[in-house]
Amino acid sequence: MTPEIDAIDVTSGKRITGKFRIGLALSGGGFRASIFHLGVIRRLEELGIMKDVDTISSVSGGSIIAAYYVCEMETRLRQVEPRLWRDTKTRVEIFETIARDFLKAVDHNLRTRALIFTPFFHPILFVKTLVMKAFRSGARSELIQREYDKWFYDRDTIDQLPSVTPERSKESKDTAPVLQGPQIILNTTSLLTGERVSFSREPNSGITEMKRSNKNSLPLSRIVGASSGVPVLFPPTHVYGDMLVDGGVADNQGIEALLSAEQPLGHATPQILLVSDASGQLEAIHTISTGETDVFLRVNDILQFQVRSKLIDRLVQWKVDQPASRYFAFTHLFLNLKDRGVSNRLPSEMIPGVARIRTDLDQFSFVERDALMYHGYTLIDAQIQKYCPPLMAAYPVANTPPLVAPPLFSAWERKNTEKRDRIRKELEAGAKKVFLLRSLKKYPRCVGLVFAGWIAAWVGALYVFFGQYTTPLELTQSWIEHALSGITSGWIGGALDGLLLYARLPDRTPLIQGIANLLGAGALAALAGYVLAFPVYLSVRYLVMHADRQNYRDLTGKDPTTCWQPEPVAE
């Protein structure tokens, strides 16, 4: 239900009246973005705004949480009495259960399951990719989409997204409550046309819909997978003859879909836009390597920065065109509320660490989760108060709960310098993308012992495979001798035959044998290391989760299973 407003804008002195449509944009940025958006959504639920959001436009990591959250909220609301569907306290309690379940799923490290240890988690599909070419090209995308299905969507289709049918009029005799939700726009990018391609649930409750194809039957995991399919890391997803990649290529903030005049279902452009941007910010650097890879990555960052800047310019112009009836609140990871003297905020020294946390699909520590959620939670509250007076009029602060904080950022903990330094250092470690290296930096002793065990086991496996050699030195010497003898024979044979270096088969045989020995031994050694790495990964994952849990207890004195059961923030 769109809120009705009749109040005075304190900034302009003008009266604000009428109904306002509310749009929410959730940016990309992997699970970092998903967790940051959870904090934003929590505060919107506490303020009573989330139930009145008309449209959610999402990209990549934003699509993961948007689709999951709205589907779960509708499912769980149906388990309570209809009179509580719009009750703020009920919705906040449901939010906590949804957030807890989502974070448990994130703990399974989806990227590693889908891309690194595929043979152990998806053996059938792995075999198919080896023997059937049809599965090979898009295997990585299908793997991550299966993980989404397993942990988030449970074979849901687009049809499980909320209904956006307008509520029945007051004059209607049928006064039964209607459970509806925001329109979800899942944004992708077409690799063929370069245009943004969006997917939304279409009404399908009448006979007229029989005259068109049912796009609502598309699996939700497939569309979300396309929306979060980072190019190169994941191959394009084929949908209706198009090749779709990450929506962030065209618009990583999700703004364009809200500003576009041609929205699904003919919805008008919302008059209040809330933008949650967890995509990071281009940072100036002093120098850069001239290597091709480094230059390419930097150029790509600059291009994304320019696209984002143009979208922000368009958003600002949208506001300027109708300043009396359009408002927006923009949050981003580097936004520091210290500049406004706000006390309820993430400490300034922790903001760079949070903003640089990896944009990945692996597991996140309890400290990383609380920091990301709390940052988004406080930012959206401050931005709404400053830039969206209509919302402040429609949802008075006096009628909403005060800001709350996880135990990690309670008033007492924020005064403890030693603990603040520990939190900052852990957040800085979160920038490392490789899970095992990140774990080794955080917990060098226990993880180092596991690594040492892996090396010992690997050496033992090599000894078993090449037991006929008494020492590794003899093994290496034998490989080198085979290779050198083959190369020498090849060159001699080539000299005798002029320019035809490998013309005679007898002269080629020693060379081929030497190279084959080296390649075969290398492949066998790599396979042994890979197979042994799987139990090492499981052991490190268990140890790190246990260590993260203990670290959280040391910092807060509380169990991290209730890490998002916040406490009131002291003013």
Side-chain angles (χ1 to χ4, degrees), residues 1-7 9 16-27 37-59 62 65-67 69-70 73-74 85-88 91-92 95 161-167 178-187 198 200-201 253-261 263-277 315-316 318-319 321-331 376-377 379-397 399-400:
M1 182 177 65
T2 305
E4 286 198 53
I5 300 171
D6 186 2
D9 185 343
I16 306 171
T17 59
K19 292 186 176 182
F20 282 76
R21 304 184 73 84
I22 304 172
L24 174 62
L26 302 179
S27 78
H37 298 328
L38 272 177
V40 171
I41 293 172
R42 180 189 178 93
R43 188 52 182 167
L44 292 180
E45 289 287 11
E46 288 181 352
L47 293 171
I49 296 173
M50 193 66 194
K51 66 179 182 295
D52 293 327
V53 170
D54 178 72
T55 307
I56 299 178
S57 172
S58 60
V59 182
I65 188 60
Y69 185 78
V70 296
M73 177 59 75
E74 181 176 90
W85 285 352
R86 296 179 56 81
D87 178 66
T88 298
R91 291 181 64 95
V92 170
F95 164 86
L161 293 174
S163 168
V164 294
T165 304
E167 280 190 302
V178 177
L179 184 58
Q180 63 185 62
Q183 177 198 18
I184 302 295
I185 303 176
L186 304 173
N187 295 289
S198 300
S200 290
R201 182 184 182 277
Q253 283 63 52
I255 298 174
E256 187 176 8
L258 294 180
L259 298 180
S260 175
Q263 291 192 45
L265 306 182
H267 279 189
T269 302
Q271 293 168 293
I272 300 177
L273 301 185
L274 309 176
V275 183
S276 177
D277 186 2
L315 178 63
V316 172
W318 171 84
K319 161 68 174 172
D321 289 343
Q322 297 184 31
S325 60
R326 290 178 175 176
Y327 302 85
F328 72 86
F330 196 106
T331 70
Y377 175 82
L379 289 182
I380 194 64
D381 181 81
Q383 294 296 83
I384 287 176
Q385 289 191 43
K386 184 174 178 64
Y387 296 108
C388 297
L391 289 185
M392 299 305 298
Y395 307 92
V397 177
N399 300 332
T400 59

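Residues: numbered from 1 along the sequence shown. FYI, side chains are in, hydrogens and waters are out, and symmetry mates aren't considered; it's all heavy atoms of this structure.
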Side chain proximity check, [X] to [Y], heavy atoms < 4.5 angstrom:
X      : Y      : answer
Val275 : Leu258 : no
Met50  : Leu24  : yes
Asn187 : Ser57  : yes
Ile255 : Asp277 : no
Arg42  : Leu38  : no
Leu273 : Phe330 : no
Val70  : Pro182 : yes
Tyr69  : Ile56  : no

Taking atom [atom1] of [X] and atom [atom2] of [Y], what is their separation to the nearest 0.5 Å?
X      : Y      : atom1 : atom2 : result
Leu186 : Ser200 : CG    : OG    : 6.5 Å
Tyr327 : Gln383 : OH    : CD    : 16.0 Å
Leu44  : Thr88  : CG    : OG1   : 11.5 Å
Leu47  : Leu391 : CG    : CG    : 8.5 Å
Ser276 : Leu26  : OG    : CG    : 5.5 Å
Cys388 : Arg326 : SG    : CZ    : 14.0 Å

Tell me, with the steps shown, if Arg43 and Glu46 meet salt bridge (charged side-chain N to carboxylate O under 4.0 Å, His left out). CA-CA 5 Å; Arg43 188 52 182 167; Glu46 288 181 352; 2.7 Å; yes
Of all heavy-atom pairs between [X] and [Y], which one has the smallest distance, and what is that distance?
X      : Y      : result
Ser27  : His37  : O-NE2, 3.0 Å
Met73  : Glu45  : CE-OE2, 3.6 Å
Arg201 : Ser163 : NH1-CA, 4.2 Å
Ile184 : Pro162 : CG1-CD, 4.4 Å
Trp318 : Ile272 : CH2-N, 4.4 Å

Under the side chain to side chain contact (heavy atoms under 4.5 Å, CB included) rule, what do Tyr395 and Ile384 come out as? Steps first, then yes or no, please. CA-CA 11 Å; Tyr395 307 92; Ile384 287 176; over 6 Å; no
Lys51 side chain vs Gly48 backbone, donor-acceptor pair below 3.5 Å: yes
In sequence, state the C-alpha distance, the side-chain angles, and the governing distance for Glu74 and Leu161, and then conclude on side chain to side chain contact (heavy atoms under 4.5 Å, CB included). CA-CA 9 Å; Glu74 181 176 90; Leu161 293 174; over 6 Å; no
